[in-house]
Asks: 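Here you go, one structure.
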Amino acid sequence: MKARITVTLKNGVLDPQGKAIEHALSGLGFDGVGQVRQGKVFDIELTGADKAKAEADLKAMCDKLLANTVIENYSVSIG
């Protein structure tokens, strides 16, 4: 079973890396780029067929390691 976890900064949290990317894109001539926010994507392959258990395990992984839930949101998709 394959899963994708997307981690992004919560609204209101400063994103200096996103700001640097935004500035670099402008410097490369890409006009019309608004605010850039950066994040992380994790592709995880799981063994087993129990989708409910997989989702619970993935959320636990995010809460314990993959996301800083004080400043980051995450979403889990299994497909």
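The figures that follow rest on heavy atoms only: side chains count, while hydrogens, waters and symmetry mates do not.
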Asks: Find out if a path of hydrophobic residues (ILVMFWY) with successive side-chain heavy-atom gaps under 4.5 Å connects Val41 to Val76.
Replies: no

Asks: Hey, what do you get for OG (Ser77) to CG (Leu58), rounding to the nearest 0.5 Å?
Replies: 9.0 Å

Asks: Quick test of your reading: applying salt bridge (charged side-chain N to carboxylate O under 4.0 Å, His left out), list the pairs with at least one residue in residues 15-27, sequence neighbours left out, ordered by first then second residue.
Replies: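 Output for this query lists Lys19-Glu22.
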
Asks: Would you list the pairs meeting salt bridge (charged side-chain N to carboxylate O under 4.0 Å, His left out) in which at least one residue belongs to residues 58-70, sequence neighbours left out?
Replies: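 Checked against salt bridge (charged side-chain N to carboxylate O under 4.0 Å, His left out) - neighbours excluded - the pairs reaching residues 58-70 are Glu55-Lys59.
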
Asks: Please report the interatomic distance CG(Asn68) to SG(Cys62), rounded to the nearest 0.5 Å.
Replies: 12.0 Å

Asks: Is it possible for you to say whether Val70 and Leu9 belong to one hydrophobic cluster, with membership spreading through side-chain heavy-atom contacts below 4.5 Å?
Replies: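 Same cluster.
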
Asks: When the side chains of residues 28-40 are checked against the rest of the protein, which donor-acceptor pairs come out under 3.5 Å, sequence neighbours left out?
Replies:
| from | atom 1 | to | atom 2 | distance (Å) |
| --- | --- | --- | --- | --- |
| Arg37 | NH1 | Val13 | O | 2.8 |
| Arg37 | NH2 | Lys10 | O | 2.9 |
| Arg37 | NH2 | Val13 | O | 3.1 |
| Lys40 | NZ | Leu66 | O | 3.4 |
| Lys40 | NZ | Glu72 | OE2 | 3.4 |

Asks: Are Ile71 and Tyr74 linked, directly or through intermediate hydrophobic residues, by side-chain heavy-atom contacts shorter than 4.5 Å (ILVMFWY only)?
Replies: no

Asks: Run the side-chain donor-acceptor check on residues 42-52: report pairs under 3.5 Å with partners two or more places apart or on a different chain.
Replies:
| from | atom 1 | to | atom 2 | distance (Å) |
| --- | --- | --- | --- | --- |
| Asp43 | OD1 | Arg4 | NE | 2.6 |
| Asp43 | OD1 | Arg4 | NH2 | 3.1 |
| Asp43 | OD2 | Arg4 | NH2 | 2.9 |
| Asp50 | OD1 | Ala52 | N | 3.1 |
| Asp50 | OD1 | Lys53 | N | 3.2 |

Asks: Let me confirm one number: the OG-CD1 distance from Ser75 to Ile5, rounded to the nearest 0.5 Å.
Replies: 9.0 Å

Asks: For residues Ile78 and Met1, determine if any side-chain heavy atom of one lies less than 4.5 Å from a side-chain heavy atom of the other.
Replies: yes

